[in-house]
Every structure is written in structure tokens, then in C-alpha cells.
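Take a look at the structure set out below.
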Amino acid sequence: MGTQESDERTDTTAAGGTGRRALLGAAVLGAGGTVLGLGGTARAAEVRPGTSRRAGGRGLKGLPVPTVIGHRGASGYRPEHTFGAYDLALDLGADIVEAGDLVPTRDGHLVCRHEPEIGGTTDVADHPEFAGRKRTKQLDGVSVTGWFTEDFTLAELKRLRAVERIPANRPHNTLYDGRWGIPAFEEVLRWQDEQTRRRGKQVWIYPELKHPTYFRKLGLGTEELLARLLRKHGKDRRNSPVVIQSFEPTSIRRMSRLVGNPLAVLLSGANSRPWDFVESGDPRRVADLVTPKGLEEIASYAQGIGPTLDLVIPRDAAGNLTEPTALVRDAHRAGLILHPYTMRNENPFLPADFRRGGDPDAYGDVFGAFRAYFATGIDGVFTDHPDTALLAREDFVNG
């Protein structure tokens, strides 16, 4: 997750998309559908939040609601997108791990980095042999200077080590700088199988396709690369434990034709435009996509959305939470699940009314913030601190 991570597939027609939506919608909202209340709240009709939906249920039906998704692993405690962060997310009890913001290498492998520019998440600047790889590029209309994964082979990237991306907020994470390397996504798929065996329960992952239009113009179609890997590992089916997400709706639509996996469209600020829309001349903004009409269109090829939390509860000019929007209600009516992003414990990332003190690495009233967001009826949340989210869910379920 970022800001603006073969088989008998289901039919890729509109009817097929509805079938996949019905499967995931029933899984998340309960077999009886939703009961909609005031203020955009929603509850599973037959399932209490925070509990398994149905004894013996398959796939997402076995996950609690609200679902706790470890954002890039347990990135509040370890450098993000490392096996250390992924392992810890499971140790702390995350229901799903966002194992993979997927970006390609020059030789066509997918690796897990927050962005293709890796100067802030690896020690590449300390490698004199790669000094000549530093470039300035236009990434989705923004000038970015640094080192980019598409200029390296996988073998070259394997010589680098991961470092903490936001040390000012997480100085404790710098203790682990250099401890882990960059995971290839195929390694993540094998890790998922190993962890499932070791832990005796299915491990779910939630990879994100980053900047697919940018990479397609470079001749690196990341959707096809991902679909090929999922088919190779038998994880391209509608009940496979891999949920795919992207900020570009056309990328998710393309994935719906390639695999049967559950799919989610990520949504940034209301006034922003997905980059694929910019490139194609589509004038719509996110504000158009979160209308009932826009949500119905998304539901024709995807099963969920990942909105920024501000689309669920906006903030006022001072940064305080206001009143919930109708997004939860409207998305549920369209048959979509909502997994907003991103809850973090540190003050700068919380709404102003939940901050405590001014230290950038100090924790605020995150339990209060979780309570406000859970009360809207969201189906889950991305969080850098899965243990905090689990305690918050317990508080919410127990009243």
C-alpha cells in the first residue's frame, strides 16, 4: 500500500465479476448480507465483529471482522517489506500481511519495495559500484531522483540491504538496518506456504501493483508478471489466499481478466486522479469513483476498495475528525468490502484530536482513533502496528 502496496478462472464478463463480488461480499459481510444503520455503519447479519464468520468457513470466510492487515508487515517495528516485518506481523496476530508492494527488475522479476525508487529503503547509496545508476525520472508526473528497481537485475538487488524508511518517526527501527535484504515476490509465495505449514493455519497476503502504467510503458507489464507467478504457484483462483490491489482501476480490471483472485481498487484523496486516468484522458477523479455509480462500476470487476481513511471520516482544517461519509453504506450496497489505509500509532499520522504531545515518534490515543473508524462499519484496516489493532478490535467487540 502506498500513497499516491490458468486454472478454471471465473468468467471475466460482467456476470463473472458479479460472481466473484458475491463470493467475497458474502465472505466479509456474512451469509445473510449486511444490516445497514445510521451514519453509514454496517454489521454482518449473522456474525459478530471480531469473530470467525462461520465455523469451517473457507477462504476469507474464516477471517475476523474487522480484519487486521499488517501494512508492509509489522512496519511499525521493523523496516517495511522485509521478512522480519512479515514474520513479526504474523507473530503479532495479523489476519493478512501486505507482503509486497510489487515493482519489477530489469530482468522481469517482481520484488517487494514501497516504490521503485529505493534510495530511501535500501543501502544502495553505500554501494560505489551502483553510483552510476542514479537517475532522475518522471514517475506518474513527478520528478524523482534516485535508484530505480527497473535499472537493476534481481541478482544485483540481492546485494542490497533494507533500511528504515522513516527514521525520524521510528528511530528504534534503525536498529535493524541492514539485517534483511529485498524479498522477491516468488520468495514471498514460498514463504507464505512455509508459514502456513508452520503455523497450522492459512496465511493470507495482500500484494499491491505499484505504478503499472509507468512500468507498462517501459515494456514491463507487471499484471502479466504477477499472473504468471500466481498460476505457477497455483494461487490464481477465486478462493486463493492472495488479494490483489492497485491504485489504478484499469490495472485491476486487467487482472480480473488474467486471474480469479479477489481484487481491490485503492482510492487516494477525493480530488486526486488515478494515474491511468491521467494517461488515458479520463477526466474522473476519486470523488467520482466513490459515488454510488462509481462504486457499482468498480464492483463489476473488483470485490473491494481500499480507501484512504479520510474518505471514510474526513478531517477539518485543524486535522480533527468530522462526521463519517456515506462511503461505507454505499460500498456495501454495491457489494464491495472496505479495507481503508493506514492506521499508525505515532502522533503525526493520527487525526489531530487523537494526538498526545508533539514528539514525532510518540504514540497518541490510537485506541480512540480505532474506535471511531471501526464504528463506521469498515470491514478491516491496514495498520503498521497489528498488535495495537487487535487490542482495539477486542475493545470494540466487547463494547
Residues which pass salt bridge (Lys or Arg N to Asp or Glu O under 4.0 Å) with R254, listed by chain and number, not counting sequence neighbours: E223
Contacts of E346 that satisfy side chain to side chain contact (heavy atoms under 4.5 Å, CB included) - sequence neighbours left out: R170, R344, P348, F349, Y363, H385
Co-members of V68 in a cluster of I, L, V, M, F, W and Y side chains, linked at under 4.5 Å: L390
Non-neighbouring partners of P292 that pass side chain to side chain contact (heavy atoms under 4.5 Å, CB included), sequence neighbours left out: D330
Set of residues satisfying salt bridge (Lys or Arg N to Asp or Glu O under 4.0 Å) with respect to R179, sequence neighbours excluded: none
Set of residues satisfying side chain to side chain contact (heavy atoms under 4.5 Å, CB included) with respect to A318, sequence neighbours excluded: D316, N320
Pair E186 + K232, salt bridge at N-O below 4.0 Å: yes
Which residues share a salt bridge (Lys or Arg N to Asp or Glu O under 4.0 Å) with D193, sequence neighbours left out: K235
Under the side chain to side chain contact (heavy atoms under 4.5 Å, CB included) test, residues paired with K137 that sit two or more places apart: R135, F148, E150, D151, Y214
Non-neighbouring partners of R165 that pass side chain to side chain donor-acceptor pair (under 3.5 Å), sequence neighbours left out: E80
Note: D310-R315 ion pair, threshold 4.0 Å (strictly below): yes
Pair listing, salt bridge (charged side-chain N to carboxylate O under 4.0 Å, His left out) test, anchored in residues 119-131, at least two apart: E129-R159
Qualifying salt bridge (charged side-chain N to carboxylate O under 4.0 Å, His left out) pairs with a residue from residues 81-92, counting only residues at least two apart or across chains: D91-R199
Residues which pass salt bridge (Lys or Arg N to Asp or Glu O under 4.0 Å) with D95, listed by chain and number, not counting sequence neighbours: R393
